[in-house]
Number of protein chains: 2
Amino acid sequence: MARPPKTSTPSPAPTPSSATGKGGAGTAPLARPSRVQMSDIARLAGVSVSTVSRALSDSSLVNPETRARVAELARSLNYSINIGAQNLRLKQNRTVAVIVPYDPATRQHLSDPFFLSLLGSLADALTDRGLDMLITRVDAGHLDEAARPWRTGQAAGVVLVGQWHHHDQLNAMAVQGVPFVVWGAQLPQQLYATVGSDNIAGGELATAHLFERGAQRVLFMGDPDLPEIGQRQQGWERAHARAGRMADPTLARKVPFVAEAIRAEVESLLRQKLAFDAVFCASDLMAMTVIGTLRRHGRRVPEDVRVVGYDDIALAANFEPPISTVRQPISEAGELLVEGLLAQLAGERVGPRLLRTELVARQSS
Amino acid sequence: MARPPKTSTPSPAPTPSSATGKGGAGTAPLARPSRVQMSDIARLAGVSVSTVSRALSDSSLVNPETRARVAELARSLNYSINIGAQNLRLKQNRTVAVIVPYDPATRQHLSDPFFLSLLGSLADALTDRGLDMLITRVDAGHLDEAARPWRTGQAAGVVLVGQWHHHDQLNAMAVQGVPFVVWGAQLPQQLYATVGSDNIAGGELATAHLFERGAQRVLFMGDPDLPEIGQRQQGWERAHARAGRMADPTLARKVPFVAEAIRAEVESLLRQKLAFDAVFCASDLMAMTVIGTLRRHGRRVPEDVRVVGYDDIALAANFEPPISTVRQPISEAGELLVEGLLAQLAGERVGPRLLRTELVARQSS
DNA sequence: GTGAAAGCGCTAACAC
DNA sequence: GTGTTAGCGCTTTCAC
């Protein structure tokens with residue numbers, strides 16, 4: 001018969017052991033200072049634990065007076081129900097895991113304000129529904145690890161945000177019945193649910209806008225290996241086709257989302273004297289670096305080179321010059337991701353969702 | 001005798017009910033598709049649950065063959081231990097709650113890249129130690145709600161990031177024995193642990209630097225009601241004292257962290273023809289807006305007005321002009337916050353920790 | 001080396 | 001209206 005070390009006396013919180021010294025907790029299983037629990041309230045109220053449980057859940061079975069007494073006691077003791085135990089018993093779970101893939105090569109933290117906003121939007125959408133948000137970073141090369149919080153029962157489902165290249169791993173997860181939704185591009189043969197903006201339309205919008213403003217040779221800068229970015233490039237191509245122009249392939253520049261690489265690319269283009277009078281950047285952040293670099297080399301924006309970004313992060317409007325960009329409806333994004341996940345948990349089949357993009361013309365173009 | 005609705009047959013995952021329709025899960029307790037559990041493995045391996053438990057925890061008690069068989073089975077079934085149940089039994093918890101206070105007035109999401117980076121840094125520090133991160137947004141007016149994840153047993157402790165004015169509520173939490181650490185300023189009569197950069201020194205650094213570059217009238221812009229910002233302003237004052245100058249109080253401009261307000265303030269200053277030849281901004285983001293506004297009104301930076309920011313966010317280096325700023329050592333911040341929390345959980349008393357700031361001189365000054 | 005059984009903090013029949 | 005009891009998925013003593 002198991003008998004875990006139970007101090008039967010109401011043990012008055014473990015005495016802190018002194019000293020200001022640092023750390024040292026190592027990997028020991030995290031203990032926790034004593035917390036109030038139902039049995040404490042039951043004892044103090046002179047009723048059984050079940051009655052406390054009923055009282056706290058506002059069961060009509062329990063005597064109003066008892067209920068009041070219990071409620072008051074709970075409040076004054078700062079008691080909150082132990083969610084883990086409750087979940088175990090009820091087989092429910094109101095936590096959603098949000099997975100942020102990260103590139104182990106660049107060890108790049110989610111540094112783009114766009115993703116920050118997306119997280120904020122998710123936090124809003126989850127909070128509004130009384131759901132908790134567990135954030136986990138996962139090696140982008142092992143996206144299947146995203147299922148972990150679900151398998152361990154920590155979360156009811158998973159939202160995966162950020163770029164990636166692992167279509168197949170995600171399809172496998174879907175087959176295994178893991179409830180999850182991905183922020184990203186809609187791909188062929190996709191067995192899982194995505195939410196994302198219409199990147200092709202967005203790319204076309206940006207490029208067409210540059211043509212309208214008189215641009216002749218529009219550079220595309222971004223890493224098309226990321227599905228979303230690839231689609232923006234497709235939009236760029238499509239705009240050319242629509243305008244009856246040839247999309248010069250040398251104008252499509254593959255660049256990762258790293259400030260140094262972007263600066264280097266722009267400088268190399270200038271050195272090569274490649275002719276261009278506009279740049280469509282795969283993100284606003286990239287546009288900022290591009291504009292900065294161009295100016296440092298004596299090119300004026302927009303007079304010499306028109307620039308359009310993507311995302312419409314808050315900073316875009318306050319940059320000098322204010323950046324023209326393609327807005328992705330972020331707050332809608334969070335809503336749809338959460339909605340999609342809940343629908344799956346309710347047993348529905350969920351298809352991909354495309355968000356409308358919108359061109360915001362400012363002075364950089 | 002309770003008998004929760006247990007489908008005794010190994011029920012083959014609930015059949016999805018069809019249709020692409022959206023949402024509808026409402027507030028119903030989130031169910032979860034069936035997951036593998038220990039008893040499944042035990043049955044398949046022909047051993048008892050206890051043996052499986054021991055095998056999976058690499059107990060030396062269990063026969064190597066049995067252990068291998070169980071391990072293989074677990075792997076092939078994608079089994080992961082149910083952490084909730086494990087925690088309940090072990091009375092442990094490896095989740096840390098990270099609380100982001102938010103201003104319900106502006107309904108401002110954590111929009112500053114600095115906080116994003118701080119979250120990233122926390123995520124790194126936690127991940128490195130095998131801790132999970134539960135993110136919760138809390139009304140800045142009710143910081144005592146930050147204790148909730150601890151009281152519910154969801155987290156072993158709490159890290160509170162972001163600005164606030166509720167010293168007293170935090171002291172109360174400390175008295176109640178809630179394990180938590182705050183990112184922020186060290187205040188008098190403080191009963192809780194903080195980690196923060198040395199804002200006074202930082203403010204002094206920035207201001208002294210502007211003096212060195214020849215500035216005569218240095219504006220301070222920020223909201224000193226936030227303790228951290230107040231201390232930066234103190235640093236600004238102290239730099240004046242050190243230089244034997246008078247800090248003209250009209251040069252200290254109280255401005256909230258809202259782009260429109262910042263722009264309006266700058267424009268109002270220009271209209272009033274208040275004389276100033278430098279601005280020390282309480283954040284890089286603010287510096288960007290200030291520079292943009294100044295330029296839009298024909299002032300050159302740094303020729304007419306020198307500007308220094310605070311934080312050294314990634315964008316600062318890539319702005320046009322690159323922004324001089326006071327760097328806060330972010331990755332250290334995450335480490336110290338987590339370390340402080342773990343130390344508390346280990347029963348140690350933890351004092352406030354100050355991080356060294358550093359001036360990064362670039363072209364805006 | 002393995003299994004039976006008790007219990008982590010909670011909920012919900014069921015009995016009174 | 002309230003208490004008793006079993007059990008959510010796990011770990012661990014104790015017995016064999």
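So you know, we letter chains A, B, ... as the sequences are listed, proteins then strands, and number each from 1.
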Aromatic rings Tyr192(B) and His167(B): how do their planes relate, parallel, tilted or perpendicular, breaks at 30° and 60°?
-> perpendicular

Atom CD of Gln86(A) to atom C1' of dT11(C): distance rounded to whole Å?
-> 9 Å

When you get a sec, tell me which of dC10(C), dT2(D), dT2(C) is the closest nucleotide to the side chain of Asn63(B)?
-> dT2(C)

Is it true that Arg75(B) and Glu72(B) have a side-chain N and a carboxylate O under 4.0 angstrom from each other?
-> yes

Answer with yes or no whether the side chains of His166(A) and Asp168(A) bring together a donor and an acceptor at under 3.5 Å.
-> no

Arg89(A), nearest nucleotide to its side chain (from dG9(D), dA6(D), dT12(D)) = dA6(D)

Mind checking Leu61(A) for me? I need base, sugar-phosphate or nothing, with any heavy atom below 4.0 Å counting as a touch.
-> base

Looking only at side-chain N and O atoms, does Thr51(A) come under 4.0 Å of OP1 or OP2 in dG3(D)?
-> yes

Counting side-chain heavy atoms from C-beta on, which of dT2(D), dG3(C), dT11(D) comes nearest to Val47(B)?
-> dG3(C)

When the distance from CD1 of Ile41(B) to P of dT2(C) is rounded to whole Å, what number comes out?
-> 16 Å

Phosphate-side-chain proximity, Tyr79(A) and dG9(C), N/O vs OP1/OP2 below 4.0 Å = no

Taking OP1 and OP2 of dG9(D), is either one under 4.0 Å from a side-chain nitrogen or oxygen of Lys91(A)?
-> yes

For atom CD of Gln92(A) and atom C1' of dA12(C), their distance in whole Å | 14 Å

Asn87(B) CG - dC8(D) P separation (whole Å) | 19 Å

Residue from Val36(A), Asp40(A), Leu44(A) passing side-chain contact (heavy atoms from CB on, under 4.5 Å) with Leu73(A) = Leu44(A)

Provide, to the nearest angstrom, the distance between the CG atom belonging to Asn93(A) and the P atom belonging to dC10(C).
-> 17 Å

Partner of Leu342(A) under side-chain contact (heavy atoms from CB on, under 4.5 Å), picked from Leu337(A), Leu131(A), Val96(A), Val350(A), is Leu131(A)

Distance, rounded to the nearest Å, where Asp40(A) contributes CG and dC10(C) contributes C1' | 13 Å

DNA chain C: Leu88(B) or Pro64(B), which has the more 5' nearest nucleotide?
-> Pro64(B)

Interatomic distance where CG belongs to Asp58(A) and P belongs to dT11(C) [whole Å] | 12 Å

Decide yes or no, distance alone: a donor-acceptor N/O pair under 3.5 angstrom between the base of dG3(C) and the side-chain of Arg54(B).
-> yes

Ile81(B) CD1 - dC8(C) C1' separation (whole Å) = 15 Å

Per Thr66(B) side chain, nearest of listed nucleotides dC10(D), dT2(C), dC10(C) = dT2(C)

Does Gly84(A) or Ser50(A) map to a spot on DNA chain C nearer the 5' end, using the closest nucleotide for each?
-> Gly84(A)

